[in-house]
Every structure is written in structure tokens, then in C-alpha cells.
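Below is one structure; the comments refer to it alone.
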Amino acid sequence: MWFSLAVTRFLWDKVTWERKRFKRNSPSRGLVLTPQPRLFLIYKTHSRPRRLSLRLAFMWKGKSAVTDSDSEFVDLNPTITYRHLLSHALGVKDPLRVIALCDSDAFYAGCEMVRLGVDPEQPLVVSQWDSIIAVNYPSRKFGITRMDKVKDAQKRCPNLVVVHVATYKEGDAEPEYWENPDTKTHKVSLDFYRRESNKIHNMFKESLPAGAELEKASIDECFIDFTRPVREELLRRYPHLAQAPPGAADTPLPPPPTTVTWNANLVSIRPKDDVANNLQESSTSTLGDPEPEDSLITWHDVALSVAVDMMQSARDQVRTKLGYSTSAGIARNKFLAKLTASYRKPNSQSVLRNAMIPHYLRPFPFQKIRFLGGKLGNAVAKEYEASTVGDLLAVSLDEFQRTFGEDSIWIWEIVRGIDRSEVKEKPPNSKSMGASKNLPTPVTMSCEGPHWIRVMAAELTLRLNDARKISPGLWPRTIALSTRQGWSATQRKQAPFPFLRNVTIDAVAAAGDKLWKELVGPLNSTKPLSTKITHVSLSFNGVEAGEVNQQGIEGFLSKAPSSPRKRKRQANSDDEEIVETLPASSSGESGPKPDIDYFICDRCKRRIALPEELTMFASELDEDTKKDALGSLRAEHQDFHFAQDLSKMPSDDERPEKPNPKWTVQPRKKGKHKDGGTNGEGIERFFTKR
DNA sequence: GTGGATGAG
DNA sequence: CGCTCATCCAC
């Protein structure tokens, strides 16, 4: 009895609340609630602990529910004028904007298939210790998924090829592939995949038509803005479009062709068909799908179809020359392109016409949208008892912003298919580089540290030197060591990292060791630590191209201390070479030694010393390392004289601030989303308030 | 500079 | 409690 009372009471409250919420959110839509609310019992399997959750939903009564009104979606069929077509700087407002997202299918697995030359039909997975981290498409047919254990997967598919990712062990300068690496002694390396990723990216750069913008979005994805090349192609194909009637640039374009050949999957209103078609090999099919009533071909559709062909040929290049299978999505903005790419995979491309946006978006589980996959998405789902984009359309902008802060306009827009973020080329290198390792057998004595530090130093060294092949002069402002005890507490220590022309494992390890000493204890102590260390990581931070020209004439010396942050010593002398007076070695004891810590230039008779950054932990560096560094310094100093001889160098003021201004670090806009600055980032901020 | 949180894959 | 990697932010 009490139970049913309680349930009744609960339901009543819930209904009342839902009704209020509904009214609040849809004040002026003229929608009517159905008399009978639908009650759903949802067993949430994602949440832990598992629990039952009650969900109430009202069916829209009226045209919204029945006829798929697209009223929430605006601008699906904008008028396109001559001015639009002929203008060159419309950016994200261009009504003919065409964006693609291309990602590699099961990338790590693809890499291994290429490396090993295995049959494309061969089921293959990539493992990391006992877990599977990548599953190629042939093995997906066996129901193998990402986090499965190797053992389980093999049971399901005896024929399975299992490749363990490359690993380092101490003493290795490069990662290698081992049959059965031991997690106690090895650490994994994803380097091979990074390199392959760069290859693909470069291949795209070469194969795309001029004017296309390319943005590497992750190790296996890139965005491409086809707007410009597509516009040019349109003008080639339809020359009459270039002839605006005199004085009538703002009149709409003449009617577009009535049919378009789609060399791609057309994202359709009927997902059922897709399941059926999903088995076909390469689904580059022309689907003359019956379209919803009003979907006449628009100029934007034509633009999409042109991009489809461009994307296809770039993908063909990657496939034939590098052996990687990719999938692409093409739509009016980045967000939709990304969504569209997942429509059908692998080895396929899909296109989302504007007219289809509402149909595709409404039933889409919004937690699959980038940045809504985590806690934020969960909070939103819970707050509004929502699971699909359609559910969220009922939430007003005000409501979002009340609950989730100003920035949540981003969500409001995204569920309406609006995304103004630009495709922007990013610097080829990331700002930080890290190597980390969970320790299955924890470190209990501080003398065990150097072992792992060496392993990680080897990896970082390789990666930094690798990155320098692309961007010479790259150097990390700091190096950081962090350790974790148990599952929570982490400690980190960081220190400046010197510019070294040749970064060696020894130098990096020495820096790491020094940090270890500060963080944990003496490098040779066998005294048991009070708390076991279960995790270590070594990372370079603030990795940026120093302001050097190719030959390093200015080197780091004239620049390193003038980075935005003030250094203690601004050692710029008049003729832009640094002549340092070596400070008394920070660790006291022996002073600077000639030919190790400094040298005297016999041309200018000046004393040239290693920079402070280096001497800060120089006492821990072996002399060879310091000699290396000093050798670099000599070379640079000679370069300096050489350059001075050739011509007088430009003064500081004449010299451009940055040698490579192609990418500018965009300051994060807080709060305000003025014009086009809505790009999803920053929304997380709301979360900290909880 | 340090510690923590978030997220992707 | 995969594991690895990246980024951002409050303090």
C-alpha cells in the first residue's frame, strides 16, 4: 500500500514537473500536450551503479510531431545570389560552404595491415598488453570490439591476427615490434601511427585542389574546406553564373540543374536501408533515393556534389599510394561533416544535403556528438531527460543558458545543425609531448626511477628530433616529470629545458633524473618509499618553434631569454649575440670549466657560455653532453660571425617577430561568442561550477 | 609552476 | 578501474 502510494506520488510530481518544464521551454509554439503522457522505464546500462531511471515524455500534438516541421532548423535553403557566388571572403557565412571530414578506417589496424602487407580481408586487431585497441573491419564481423581482451577475441575468431603495438625497453633508441612484450619492462609507442598519419596528411595536401583548406583534427581525421575550389569549379561548369545581370549582383542565381549525380551515399531519411546496404564492399554508390517531397536540387547540392568528386580523388590517392582506406562525410559545416562521415563505413563517403539535416539530426543520439560524449553530455541528458537531438530541440536557449551557462549556446546551435567554426590549418606539432607508463609492478625504491626515465627519455628524444625534421628549431620550454601513487595523488615537477641542437637521450634523461631526485629522492636510494609509485610520465611542454631562421644564425641564444616570460637575465648585447657571464654554478662547488661550460671566441675574444637553463641542471649532466651543447654553441657563434661578415644583420626592430606567422595561436575567447567564435571549446567551463 | 579535470580513441 | 596522449584551468 505505502509503496503504491509512494509511486503514485512520485509519478504525479514527475508529471507536474514535466508539464512545467514543457511550458517553460515552449512558451510560444502553440503546441499542445497529449492528454496521456508516455512513461518510459529506462534501464541505464551506462551509468554506474546501474539503476533504473524514469523517463516521461510527451508527444507533441500538432504539426511538429506529425509532419516533421523543420521550424527549429533555419536557413536550410538560403537564397544564393550572384554576389554570394562571386564574393571571395564570405567565410563561414558563405551559403555555398562545403566542408568534408575524412577519417581513416580503424586507423591503427590499417597501419599494421599496411606495414605487414596482410590481405585486406584478414581479420586483424591491434593489442596493447592484453587489451585490444583497434579492430579492423573484417574482424568486426566476428563481434570483436575495442576493449575486448585478446583471449576473448581469439575465441571468437581463431583466424585472428593479433599485432601488439611497438614498444620500447630500456636501452632502445627506437621502438620495436615484439611478439610478447612484457608490460613490466616495456612501454608502448604510438610513434609509427603518428608518422603514418603525417604521410596521409601530406598526401591529402598534395592531392587536393588548390584553394582547399586542410585541418588535421586528430591522428586519423582531417577536415577539408572545399568552398573555394568548388566555387571555381562551379564557375567553370556553369560559366553563365559569372555573368551577373548589370547592377543586379543581389539577384538570385538562375535555377540549378534539376538532377545531380551523387558519387556518394546520400544520407537518407531511412536508416533501415543503410543497415541493409552496410555489407556491401565499397559503397560508392549513386543512390537516386526517393527524396522527401520538397527537396529540389539547390546550388548548394551541386556544390556538395562537386566536393564529393574532389574528396573521392584525394581518397583514391591515399588508398592507392599509401594503402589506407578512409571514409568521408561532406556537408555544410564541420560538425555535420563529421556526423556524416560515420553514416556508412568503411571505405566510403556520404553526403548530407541541407534538406536532410533535420531528418538526420533529430533521431541522432546527441551524446555521440563531440564534447557531448562525456560528463557534460550526461548532465544534459539527465537535466532534460533527453537522449536524441530531437529531445534537445525542445529546450530553449534561455533554459540552456540558465542551467549550463552562457557558453551553452554552443549546444543550442549544434543541435540545430549550426556550426560556424572554421577549418583552419594548425601547426604541424603539438604543444606538448609526453610519454607515460602505468607501472604494473610499482616502483618502491627511488633508485628504480632512472630506469623508466630512460625509457621515456628515449621516446621523447626520438619524437622531438622527429618533429624537428619538419619544424627545425623546435624546442620545449620545459620538461616535466610526474608520478602518481595509487589512484589519486599525482605530483609533478617541471624545469626549463635548454635548447640543444642535438637532443640526446642522455640529456633528456639527465633532466628527468634531476626532477626525479627532487620529486622522489636520491637516484641510488634503495630505501623503501613510503608510497609506491604506480605511474610515471615525462613530458615536454611549450614545444614551439624557436625564432630561428634555417641556419640557426640567431640560434636560441638571442631568443630564448626573450620569450614572453621575463627571464632573470636579459642577456642581449648590442649586436644581438649573447655573451654570457656564466653565473656561479647553481649547485655551487666547482666553477664553470673551459671547453665544457664555455669557450673563448678567438675572433671576438669574448667568452661564450652555455645558457643558464643548461647550467641549472648541468651538474647532473655528464660532460659529454655539455660538450655537445657547447659544440652547438660554437657552431652558432661562427655562424654569427659569418652572417655579420656577409652583411649587417637587420636590427631587432626590423626583424619580424615570428619567422613563421602562418599559424597564430588563437587566444581562447571566454564567454562571448561574438560572430563566428563558437567552436565548442570552452563549454566545459560550465562544469567547474558544479 | 602544480594539480586536477576532461576528453578522444 | 585499460592505457596513452593532449589540452585547459584554478590556484
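Every chain is numbered from 1, with letters handed out A, B, ... down the list of sequences.
- Counting non-hydrogen atoms under 4.0 angstrom, Arg463(A) reaches the backbone sugars and phosphates but no base.
- As a whole-Å value, the separation of Glu221(A) CD from dG7(B) C1' is 13 Å.
- Residue contacts for Lys216(A): at a heavy-atom cut-off of 4.0 Å it reaches no nucleic acid atom on any strand shown.
- Listed by chain and residue number, Tyr384(A) satisfy the ring-ring contact (aromatic ring centres under 6.0 Å, His included) test with Phe400(A) (two or more places apart in sequence, or in another chain).
- Going from atom CZ of Arg492(A) over to atom C1' of dC5(C) covers 14 Å, rounded to whole Å.
- Picking from dG1(B), dA6(C), dT4(C) the nucleotide with the shortest atom distance to the side chain of Gln494(A) gives dG1(B).
- Looking at residues two or more places apart in sequence or on another chain, you find a salt bridge (Lys or Arg N to Asp or Glu O under 4.0 Å) between Asp466(A) and Arg195(A), Lys469(A).
- For the OP1/OP2 pair of dT7(C) and a distance below 4.0 Å, the side-chain nitrogens and oxygens of Ser432(A) include at least one atom meeting the criterion.
- Atom CG of Asp130(A) is separated from atom C1' of dT4(C) by 16 Å (rounded to the nearest Å).
- The distance from atom NZ of Lys187(A) to atom C1' of dC3(C) is 10 Å, rounded to the nearest whole Å.
- When heavy atoms are screened at a 4.0 angstrom cut-off, Ile219(A) is found touching no nucleic acid atom at all.
- Checked against Asp152(A) for a salt bridge (charged side-chain N to carboxylate O under 4.0 Å, His left out), the options Lys155(A), Arg156(A), Lys149(A) give a single hit: Lys155(A).
- Distance, Leu462(A) CG to dC5(C) P: 13 Å, rounded to whole Å.
- Distance from the side chain of Glu459(A) is smallest to dC5(C) among dC5(C), dA6(C), dC3(C).
- One interatomic measurement links the two molecules: NZ of Lys426(A) to C1' of dA6(C), which rounds to 11 Å at whole-angstrom precision.
- Counting any heavy atom pair closer than 4.0 Å across all strands shown, Ala435(A) reaches sugar-phosphate atoms only and no base atom.
- The side chain of Ser430(A) lies closest to dA6(C) when the candidates are dC3(C), dG2(C), dA6(C).
- OP1 or OP2 of dT2(B) has at least one side-chain nitrogen or oxygen of Lys493(A) nearer than 4.0 Å.
- Aromatic ring orientation, Trp178(A) versus His186(A): perpendicular (interplanar angle above 60°, classes split at 30° and 60°).
- The pair Lys424(A)-Glu215(A) fails the salt-bridge criterion, with no side-chain N (NZ, NE, NH1 or NH2) lying under 4.0 Å from an Asp/Glu carboxylate O.
- Atom C1' of nucleotide dG7(B) and atom CZ of Arg370(A) are separated by 10 Å, given to the nearest angstrom.
- Heavy atoms of Thr490(A) sit under 4.0 angstrom from primed sugar atoms or phosphate atoms, though from no base atom.
- For the pair Ser436(A) and dC5(C), the criterion of a side-chain N or O lying under 4.0 Å from OP1 or OP2 is met.
- Rounded to an integer number of Å, the gap from OH of Tyr108(A) to P of dC3(C) is 15 Å.
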